[in-house]
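Working notes, beginning with the structure itself.
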Amino acid sequence: MVRLGFIIGFIALLGALLSGLAAYRVHDQELALDRIALARAIDVHASLVQDRLTERELLARVASGLFRAPSVLKPSMLEPLRSAIYAFKTDFVVAGWVARLQPNELAAAQAAIAAAGFPKPQIRDYSDKPFAPGSLTHPIDVLMDLEPRSDETKGLPGRSYDQDPVRSAMLARARIEKRSVASDPVPLLRGNGPIGVIVAAPVIPEGATEPAGFVTFSYELATLMLTNDDMSLFSVALRDPRKEGGELVANDQGIVSTRMGADGPAPSATRTVSFGGRDWQLGYYAKTNSARRAEQTAIIVAAIGFAITAMVCGLFGYVAYNNLRLSREIQVRIGFERRLTAVIDELNHRVKNILAVIQSIVTRTLRHGSDIDVARELLIGRIHAMSNVVSLLSESQWQGVKLKGLFEARAIPHADRIAVTGPDIAVSARAAQSLSLLFFELASHSDEGLSLVGKHPHITANWTVTGDAPEEVFHFRWEEFNTSEATRRPDSDFGLILLDRVAPEALGGTAKRFFTDVSYVYELTAPMETVVDMTERDRTDKISAPVRPARG
């Protein structure tokens with residue numbers, strides 16, 4: 001009995017020690033993993049918020065850049081920009097044109113607002129009181145046009161922003177710094193409207209030193225903050241620059257309210273984002289208490305260990321199985337974190353490449369001296385071509401695009417007049433982006449005035465693959481019949497660079513263009529291993545492969 005008691009006591013002591021050790025390990029592991037998961041989710045959320053803010057500030061800059069020597073008294077100033085600003089899909093509440101008017105321009109401005117069809121054309125202060133004639137001795141900032149026009153917004157043009165402390169401070173700073181500037185949080189549309197932020201970009205005519213006005217975009221604060229739902233690990237609050245210690249929070253319906261930070265616990269983490277020339281601080285509050293949750297998990301593990309200790313035969317087996325199960329769960333979670341990091345890095349790489357291409361397109365298209373109407377159409381078309389190929393790549397999980405899919409009508413003009421022939425090969429993501437822009441440039445400069453000859457198509461696009469692997473060669477030929485050097489619209493500078501240098505270099509090949517007696521021809525030759533680029537596809541396959549737990 002003594003020996004048995006000693007053995008039972010020894011097993012009970014050993015079981016208690018093992019159970020306590022397991023509880024301690026689980027506590028630390030759960031606490032560490034919860035903190036890592038929370039920090040990772042916060043970093044991802046802050047990065048997404050910054051990307052959204054950058055897109056919205058970029059829209060203001062692009063919109064202001066599309067103005068060329070604007071006439072502040074011209075009605076419907078935003079009319080030429082309607083398609084461009086809506087193409088960005090940045091969910092703005094109101095886009096506005098705010099003109100900086102001299103006192104002697106008020107009568108003409110009032111007539112222009114009336115001619116544009118707005119119901120209240122009088123020039124008035126922000127409280128809707130008309131200015132007395134001759135009372136102004138300095139320029140004022142007046143809202144002249146806006147988008148969208150609705151029953152709620154039509155009465156806003158004609159208002160001066162000089163008496164509004166938030167908007168006037170924003171415009172004054174934008175005028176001094178000559179760059180896009182964001183306002184403090186302010187109610188939009190009306191006094192009790194949704195709280196949001198306005199970004200203003202100055203429009204400076206060529207050769208001038210002072211802005212003629214400002215392009216403004218207002219956004220609801222809840223949308224900019226990317227407020228999470230009930231399933232998120234945290235809630236988000238924005239530090240209110242108007243109140244010391246104040247925070248702006250949004251509920252599930254997107255309604256923003258103010259609370260004082262001193263009334264509750266400190267945020268679990270803070271992140272800083274930039275928007276409109278100023279820094280904004282986001283506070284993240286964890287929805288669960290990680291320490292308490294880890295303690296509860298540890299207590300449960302310890303209780304299980306003590307209970308199983310009473311079962312002499314199953315003690316060691318159960319403890320071993322429990323430790324193995326916990327180890328596998330931890331490895332799976334760590335593997336998921338590593339995979340998420342790799343996917344984010346790959347996404348950042350692809351987004352940076354796409355943004356670099358778009359930046360080059362915008363810079364080349366809107367070069368100094370270019371015709372704004374032609375440049376706008378080319379810019380929109382080129383960006384649509386990029387958008388189309390990105391959509392196709394997303395649908396295929398960046399595994400390549402069928403070459404014939406790049407000739408869809410939504411991507412290039414005159415698609416119905418192009419006879420496409422050739423094997424339907426799948427080209428890589430990099431090749432697809434270059435070829436999409438190449439096809440758009442060729443189609444956009446084809447002569448629209450020529451008709452079909454008999455039953456033959458006016459334009460042909462064909463390609464072939466010759467040779468044996470791994471020496472296969474891709475041959476592409478574009479031919480526009482009934483076209484001569486005198487009738488075909490000349491290629492733009494950007495188009496020439498794309499045709500002669502960018503597209504061939506991207507595919508590691510060569511290109512040439514020439515006129516025959518009856519047609520215009522463009523030929524591109526490149527190795528198939530560059531066109532297909534299996535190394536890029538293999539890298540994407542590895543990232544998207546499922547994570548397998550380690551075997552015990």
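All values below come from the heavy atoms of this structure, side chains included, with hydrogens, waters and symmetry mates left out.
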Would you say [atom1] of [X] has more than 12 non-hydrogen atoms from neighbouring residues, nucleotides or ligands within 6.0 angstrom?
| X | atom1 | result |
| --- | --- | --- |
| R333 | CZ | yes |
| D424 | CG | yes |
| R239 | CZ | no |

To the nearest 0.5 Å, how far apart are [atom1] in [X] and [atom2] in [Y]?
| X | Y | atom1 | atom2 | result |
| --- | --- | --- | --- | --- |
| R61 | L58 | CZ | CG | 7.5 Å |
| L437 | L406 | CG | CG | 10.0 Å |
| T258 | E247 | OG1 | CD | 10.0 Å |
| L156 | S150 | CG | OG | 8.5 Å |
| Y126 | R159 | OH | CZ | 5.5 Å |
| L48 | D43 | CG | CG | 11.0 Å |

| Hey, does the side chain of Q50 reach the backbone of S274 with a donor-acceptor pair shorter than 3.5 angstrom? |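 It does hold such a pair.
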
Any side-chain heavy-atom pair of [X] and [Y] under 4.5 Å:
| X | Y | answer |
| --- | --- | --- |
| V98 | L171 | yes |
| V93 | E220 | yes |
| L238 | L282 | yes |
| S428 | V532 | no |
| L403 | F474 | yes |
| V197 | S218 | no |
| R35 | L31 | yes |
| W97 | V203 | yes |

Which atom names give the shortest non-hydrogen contact between [X] and [Y], and what distance separates them?
| X | Y | result |
| --- | --- | --- |
| A39 | R271 | O-NH2, 4.3 Å |
| P202 | P211 | CB-CB, 3.9 Å |
| G277 | E57 | N-OE2, 4.1 Å |
| I195 | P185 | CG2-CB, 4.0 Å |
| A506 | T530 | O-CG2, 3.8 Å |
| V273 | A46 | CG1-O, 4.0 Å |

| Between Y219 and R56, is there a cation-pi geometry (under 6.0 Å to ring centre, at most 45° from the normal)? |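 R56 over Y219 ring: yes.
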
| request: Please confirm whether R259 makes a cation-pi placement over Y285, using NZ or CZ under 6.0 Å from the six-membered ring centre and within 45° of the ring normal. | output: yes

| Test side chain to side chain contact (heavy atoms under 4.5 Å, CB included) applied to D141 and S168, step by step | CA-CA 8 Å; D141 299 316; S168 63; over 6 Å; no

| query | Does the pair D162 and R167 meet the rule for a side chain to side chain contact (heavy atoms under 4.5 Å, CB included), with working shown? | reply | CA-CA 8 Å; D162 291 51; R167 292 172 175 83; over 6 Å; no

| Step-by-step side chain to side chain contact (heavy atoms under 4.5 Å, CB included) determination, L507 to L435 | CA-CA 9 Å; L507 300 179; L435 290 175; 3.9 Å; yes

| request: May I ask you to decide if the ring planes of F234 and Y284 are parallel, tilted or perpendicular, using 30° and 60° as cut-offs? | output: perpendicular

| task | Give the intermediate values and the outcome of side chain to side chain contact (heavy atoms under 4.5 Å, CB included) for residues V236 and V249. | result | CA-CA 7 Å; V236 187; V249 295; over 6 Å; no

| said: Tell me whether R278 is salt-bridged to D184, with the criterion being a basic N under 4.0 Å from an acidic carboxylate O. | reply: yes

| query | Would T272 and D279 count as having a side-chain donor-acceptor pair, cut-off 3.5 Å? | reply | no

